Amino acid sequence: MSETIEKKETGEKESGKKEMEKAYIPAQAEAKWYAFWKERGYFTPKIDPDKKPWVCIMPPPNVTGALHTGHALFVAIEDAFTRYHRMLGDPTLWLPGSDHAGISGETTVEKLLWKEEKKTKVEIGRDEFLKRVWEWMDKYRNVILNQMELLGASADWTRNAFTMDLPRQRAVRVAFKKLYDAGLVYRAARIVNWCPGSLTVISDLEVEMKEEQGFLWYIRYPVKDEPGRFVTVATTRPETMLGDTGVAVNPQDERYKDLVGKLLILPLVNREIPLVADDAVDASFGTGAVKTTPGHDPLDFEIGQRHNLPIINIMNPNASINENGGPYAGLDRFVARKRIVADLEAGGFLVKTEPYTHNVPYSEKAGVPIEPLVKEQWWIKIGSLAAPALQAAYDGRVKFVPERFKKTYIDWMENIRDWPVSRQLYWGHPIPIWWCDACGSTFSSAEEAVAACEKCGSSDIRPDADVLDTWFSSGMWPFSTLGWPDQTDDLAYFYPGSLMETAPDIIFLWVARMIMFGLYFMGEVPFHTVYLHGLVRDEKGEKMSKTKGNVIDPLEIVAQYGSDALRFTLLTGSTPGVDAKLSATRLADSRNFANKLWNATRFITLSGLDDVRPTLPALQAGMPLADRWIVSRYNVLAAEVTRLIENYQLGEAGRLLYDFLWGEFCDWYIEASKLRLNSPDPATKEAVQRVLVGVLEGSMRLLHPFMPFLTEELWQNLPHEGESLCIAPWPTPAVEQDAEAVKSFEALQDVIKGIRNAKSEAKVESKRVAAIIAARPGFEALFETERETLIRLAGLEGAKLEIHAEAALPEAPRQALSFVTDGATVYLPLAGLLDLEVERGRLSKEIEEARKEIEKSERTLGNASFVDRAPAAVVAKEREKQLATQERLAKLEARLADLG
RNA sequence: GGGCAGUUAGCUCAGUUGGUAGAGCACCACGCUUACACCGUGGCUGUCAGAGGUUCGAGUCCUCUACUGCCCACCA
């Protein structure tokens, strides 16, 4: 095998080729052709001012991740579109890169540091830690991208970018300063999501709600100076009572009306706190009284704001109780919870405890419950950024595939809130803001190092300690990768891009931000189409996850089934926006398809193609029927595949190719071609070879976006023009077809299938049975001309085949098995072999079915409103059908009578 | 609590302008026909979740219901 493959390294046409192996071995073709494409620079587009480019910016995978099936799916999809456009001749750019992955990046290296040196990032210090992160990043940054090459990703690696590389660092500073100078960045103390695991603030989008079994504790708070009176509150988080500065009730709640404004005594702490009335409280829940902890609950924070309740922070950054927690200081929040509940019970304050299922907010990345707390952060005012981004969706400048995601996007954007962008991490883009200790002002600079305060000139300045949310640099990706803020040729030519292909779960985190930033910084949407793919699930339809242990490694699949099989399975098994399951049987099916094509090509090349031209002959009246049929079908295929890809329906397009190549080209055309291939007449042989080669070569071009390696390998084995299929022209969709030929060939197929079917059912030995065809008017010539095809495909070698015009049939054969098609009545004389009873039964059954069909047609056609209102063509078709069925019925009945 | 999907042959899924239900796998039978057993030929399998409506006609449009999944949401 290796010898065979290695010989054809350049793809030049060569004669005296070695025979192809019996089965397709993907690994060798894959490695060879990827290297070939890459070396030749096919993936790097040439800027041509006269042509409109096609651009897809790859969603940069996280450096910290391992290649998973999600990556395989997006590579399959994006690469298919990329290859399609490249073949169309568009200057095509698929720009790859990777993401520094803020929190995950930081924690990955933190864990490593702890594992190897038992040190924390704080111990080694910011600079040393960042040095370690960079070392790690440089080592692993391109691992996933390199693995994508095994999947055939035809991305332009010369433009590979990283969200933290120097050009991107500068772009981030310039962008942030612009926002800052425009007054869109502000600092405010609000309640934020604090992640006690990674010790940073995170945005609402990075919080994941998990349903948990917890408890609802009912605690009574004594009313001051009214011994024996209490207000009972219900809470899921008793430990936060240490920070309570009030209790709230609904103003309409009769139970508490007389108590509003009075003071309560906070148990254990003995702080006096007011009872306030606030509309946010639902009187029907719990006791109708809410303990209010403005420092640790978003709703309580709002209530606190309205009633001037003090904010008490009772937590340390790691979510242990701080000095404000008195005797509980130092305890972890969950330990403190137990202790406090016990103490409340001991003190007689605990009324009851109910099991309660509720949602607990978790930090997505760190996997621990977040702690809401009040902290000063940098925020981006989002309103003026969101408005144009909404407009772009309203007026269709950005389209969504499938369209329903447009609604998702709009709903979220219409309710968007300001964006907290600062993160208390080491790893990330430093926030380009400087604090001046001399004049107390802050300013932003796009320079990496700043010496003096912009306002007062003092050198007594310090940079902000925080870094930016990782999605800030991701949001700039569609233009930062093209060289922004410099006015590069790339930026001028390739922006705005064409397609953004990604997963629906990051519409808000990423897509929305790219659209906002694209409009703000570039004045144009970053892409005109957002294509959202579904999740890849395992065989049982379950989400793959490390903890479940059902993660499928795409590279293992590639090794087992081949890259093309994986790609084809993912593409044909998915519809936009719908989850796909990856099963072994479907993978095997795709692999078998590859093998089938391999062998079809092998068969054709084995016939000796040295002098065969690679062009598909145009349809001509004089061509043999089968040729006119397959060329017509191929033309339809090319047009349909093109249309479907343009409509982002890769799955349908792939299935069409599968059905055509296997079900029509291999099963019928190749089988039919064998006769002419064996012809002693060289012209006859060459004519059929040209069609075989032409259709297959064209189909390889149509299939290339789906199965790049196999198609290149086969294409190189066939007569072809050009050095690589990768840059071969996309077949021009031709609508030209010979409808008459298609109809005739189908009539022929019906008879062939009928004979096969009849023989199989009658369980008669295959080649000995004679057949008598009584051709209906207009079909005599067809069967006579295709006599040899009929004999071969119906398995009638060694048997007698009579073809008569229906009217000229000497006499209807008795003791014959028979069937009726639109083109003929066919008899298989089987005297002695035929079980008349069975045959009568079969005919009766068919007669019954025909009658039912006719009845149905009669009903439809008898319906006046159908005839009036349905389109003429539909009515005509129904009439035609009725007539045909009636004719068939008559013949079937005659046959039954003949049997006696 | 709101929203969005899915529910089609035993299994996995197609079915995009409404016009007589499809594929692969599995299963059964036959087959070493000079490309392929990762194959060929034939066969079997469906009240298109349920109910109602619009329409001459609905898997396809509308309403409701059920189950499954996802997204959004400050009920302590």
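Residue numbers begin at 1 in each chain, while the letters A, B, ... track the order of the sequences. Both backbone and side-chain heavy atoms feed into the values below; hydrogens, waters and symmetry mates do not. Predicted model only: the values in this text are computed from it and were never measured.
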**Student:** By nearest atom, which of the nucleotides B:A76, B:C4, B:C36 is closest to the A:Asn595 side chain?
**Tutor:** B:C36

**Student:** Got a minute to check which stems RNA chain B is part of, using Watson-Crick or G-U wobble pairs under 3.5 Å, three or more consecutive?
**Tutor:** B:1-7 with B:66-72, B:10-13 with B:22-25, B:27-31 with B:39-43, B:49-53 with B:61-65

**Student:** Answer yes when A:Asp659 and A:Arg655 have at least one side-chain N-carboxylate O distance shorter than 4.0 Å, and no when they do not.
**Tutor:** no

**Student:** Relative to A:Phe400, does A:Lys406 satisfy both conditions: NZ or CZ under 6.0 angstrom from the six-membered ring centre, and within 45 degrees of the ring's axis?
**Tutor:** no

**Student:** So A:Arg237 and A:Lys291, do their side chains get closer than 4.5 Å, heavy atoms only?
**Tutor:** no

**Student:** Is A:Arg643 paired with A:Glu646 through a side-chain N to carboxylate O contact shorter than 4.0 Å?
**Tutor:** no

**Student:** Once you round it to whole Å, what is the distance between P of B:A73 and CG of A:Asn193?
**Tutor:** 11 Å

**Student:** Nearest-Å distance, NZ (A:Lys407) to P (B:G3)?
**Tutor:** 8 Å

**Student:** Just the rounded figure in Å: distance from P of B:C74 to CG of A:Leu373.
**Tutor:** 17 Å

**Student:** Is the phosphate of B:A35 approached by A:Tyr24 (side-chain N or O, under 4.0 Å from OP1 or OP2)?
**Tutor:** no

**Student:** Roughly how far apart, to the nearest Å, are B:C32 and B:U7 at atom C1'?
**Tutor:** 45 Å

**Student:** Does NZ or CZ of A:Arg190 lie under 6.0 Å from the centre of the six-membered ring of A:Trp419, at an angle within 45° of the ring axis?
**Tutor:** no

**Student:** May I ask you to evaluate whether A:Trp662 reaches the phosphate of B:G40, defined as a side-chain N or O under 4.0 Å from OP1 or OP2?
**Tutor:** yes

**Student:** If you measure only the distance, is there a donor-acceptor pair under 3.5 Å linking the side chains of A:Tyr669 and A:Glu664?
**Tutor:** no

**Student:** Given atom CZ of A:Arg306 and atom C1' of B:C74, what is their separation to the nearest angstrom?
**Tutor:** 11 Å

**Student:** Taking the side chain as every heavy atom from C-beta outward, state whether A:Leu661 and A:Leu637 have any atom pair closer than 4.5 Å.
**Tutor:** no

**Student:** Got a sec: does the CG of A:Asp411 have more than 12 other heavy atoms crowding it under 6.0 Å?
**Tutor:** yes

**Student:** Starting at atom CG of A:Asn717, determine the distance to atom P of B:C36, rounded to an integer number of angstrom.
**Tutor:** 16 Å

**Student:** Side chain of A:Asp667 only, please: which of B:A23, B:G3, B:G40 is the nearest?
**Tutor:** B:G40

**Student:** Reckon A:Arg591 has a side-chain N or O less than 4.0 Å from the OP1 or OP2 of B:C38?
**Tutor:** no

**Student:** Please enumerate all protein N or O atoms sitting under 3.5 Å from an N or O of nucleotides 16-18 of chain B, with distances to 0.1 Å.
**Tutor:**
unit_1, atom_1, unit_2, atom_2, d
B:U16, N3, A:Gln649, OE1, 3.0
B:U16, N3, A:Gln649, NE2, 3.0
B:U16, O4, A:Gln649, NE2, 2.3

**Student:** I'd like a table of atom pairs between the protein and nucleotides 8-11 of chain B - only N or O on both sides, under 3.5 Å - with the distance next to each one.
**Tutor:**
none

**Student:** Which nucleotide wins on minimum distance to the side chain of A:Lys753, given the candidates B:G42, B:C38, B:A35?
**Tutor:** B:G42

**Student:** Looking only at N and O atoms, is any donor in the side chain of A:Lys22 or the base of B:A37 less than 3.5 Å from an acceptor on the other one?
**Tutor:** no

**Student:** Taking atom types as modelled and ignoring hydrogens, do the side chains of A:Glu211 and A:Thr357 form a donor-acceptor contact shorter than 3.5 angstrom?
**Tutor:** no

**Student:** For A:Ala870, report the nucleic acid contact type (base, sugar-phosphate, nothing); a contact means any heavy atom under 4.0 Å.
**Tutor:** base

**Student:** Tell me whether the side-chain N/O atoms of A:Asn599 come closer than 4.0 Å to OP1 or OP2 in B:C39.
**Tutor:** no

**Student:** Nearest heavy atom decides the nucleotide; on that basis, is A:Asp589 or A:Phe603 closer to the 5' end of RNA chain B?
**Tutor:** A:Asp589

**Student:** Reckon A:Lys596 has a side-chain N or O less than 4.0 Å from the OP1 or OP2 of B:G40?
**Tutor:** yes

**Student:** Could you tell me whether the side chains of A:Asn717 and A:Thr605 share a donor-acceptor contact shorter than 3.5 Å?
**Tutor:** no

**Student:** Any base atoms under 4.0 Å from A:Arg190, or only sugar-phosphate, or nothing? Heavy atoms, all strands.
**Tutor:** nothing

**Student:** When the P atoms of B:A51 and B:G59 are considered, how many whole Å apart are they?
**Tutor:** 13 Å

**Student:** Looking at A:Arg756, does any N or O in its side chain come under 4.0 Å of the phosphate oxygens OP1/OP2 on B:A29?
**Tutor:** no

**Student:** Expressed as a whole number of angstroms, how long is the span from A:Phe660:CZ to B:A23:P?
**Tutor:** 18 Å

**Student:** What nucleic acid atoms does A:Val281 come within less than 4.0 Å of, heavy atoms only: base, sugar-phosphate, or nothing?
**Tutor:** base

**Student:** Could you work out which one of B:G43, B:C4, B:A76 sits closest to the side chain of A:Asn757?
**Tutor:** B:G43

**Student:** Can you tell me, in whole Å, how much space there is between the C1' of B:C4 and that of B:G40?
**Tutor:** 46 Å

**Student:** Any base atoms under 4.0 Å from A:Phe405, or only sugar-phosphate, or nothing? Heavy atoms, all strands.
**Tutor:** nothing

**Student:** Tell me whether A:Glu880 at atom CD has more than 12 heavy atoms from other residues, nucleotides or ligands lying less than 6.0 Å away.
**Tutor:** no

**Student:** For the side chain of A:Tyr658, starting at C-beta, report the closest nucleotide among B:A73, B:G24, B:C75.
**Tutor:** B:G24

**Student:** Is the number of heavy atoms from other residues, nucleotides or ligands within 6.0 Å of CD (A:Glu403) greater than 12?
**Tutor:** no

**Student:** Taking atom C1' in both B:G10 and B:G69, compute the distance separating them and give it to the nearest angstrom.
**Tutor:** 23 Å

**Student:** Considering only the C1' atoms, how many Å lie between B:C25 and B:C38, rounded to the nearest integer?
**Tutor:** 13 Å

**Student:** Under 3.5 Å, side chain of A:Thr287 to main-chain N/O of A:Ala289, donor-acceptor pair present?
**Tutor:** yes

**Student:** Say whether A:Thr569 and A:Ser590, considering side chains only, have a donor N or O and an acceptor N or O under 3.5 Å apart.
**Tutor:** yes

**Student:** Report yes if a side-chain nitrogen or oxygen of A:Asn592 is closer than 4.0 Å to either non-bridging phosphate oxygen (OP1 or OP2) of B:G24; otherwise report no.
**Tutor:** no

**Student:** Want to settle it: does A:Thr860 or A:Asn359 sit nearer the 5' end of RNA chain B, counting the closest nucleotide to each?
**Tutor:** A:Thr860

**Student:** Take atom C1' in B:A23 and the same atom in B:C64, then report the distance between them in whole Å.
**Tutor:** 33 Å

**Student:** Suppose you measure atom C1' in B:A21 against the same atom in B:C13; what distance do you get, rounded to whole Å?
**Tutor:** 15 Å

**Student:** When you measure from the side chain of A:Cys666, which nucleotide among B:A35, B:G42, B:C75 comes out closest?
**Tutor:** B:A35

**Student:** Please give the distance between the P atoms of B:G24 and B:U17 as a whole number of Å.
**Tutor:** 23 Å

**Student:** Just how far, in rounded Å, is C1' of B:U20 from CD of A:Glu849?
**Tutor:** 14 Å

**Student:** Using a heavy-atom cut-off of 4.0 Å across all strands, would you classify A:Tyr218 as base, sugar-phosphate, or nothing?
**Tutor:** nothing

**Student:** Does A:Lys596 count as lying over the ring of A:Tyr658, i.e. NZ or CZ under 6.0 Å from the six-ring centre, within 45 degrees of the axis?
**Tutor:** no

**Student:** Using atom CG of A:Asp868 as one end and atom P of B:G19 as the other, report the distance to the nearest whole Å.
**Tutor:** 21 Å

**Student:** Contact class for A:Glu878 vs. all strands (heavy atom < 4.0 Å): base, sugar-phosphate, or nothing?
**Tutor:** nothing

**Student:** Of the options B:G3, B:A73, B:C71, whose atoms approach the side-chain atoms of A:Phe508 most closely?
**Tutor:** B:C71

**Student:** Is it the case that the side chains of A:Asp278 and A:Asn250 hold a donor-acceptor pair, with the cut-off being a distance below 3.5 Å and no angle test?
**Tutor:** no

**Student:** The side chain of A:Pro871 lies closest to which of these nucleotides: B:G42, B:G19, B:C75?
**Tutor:** B:G19

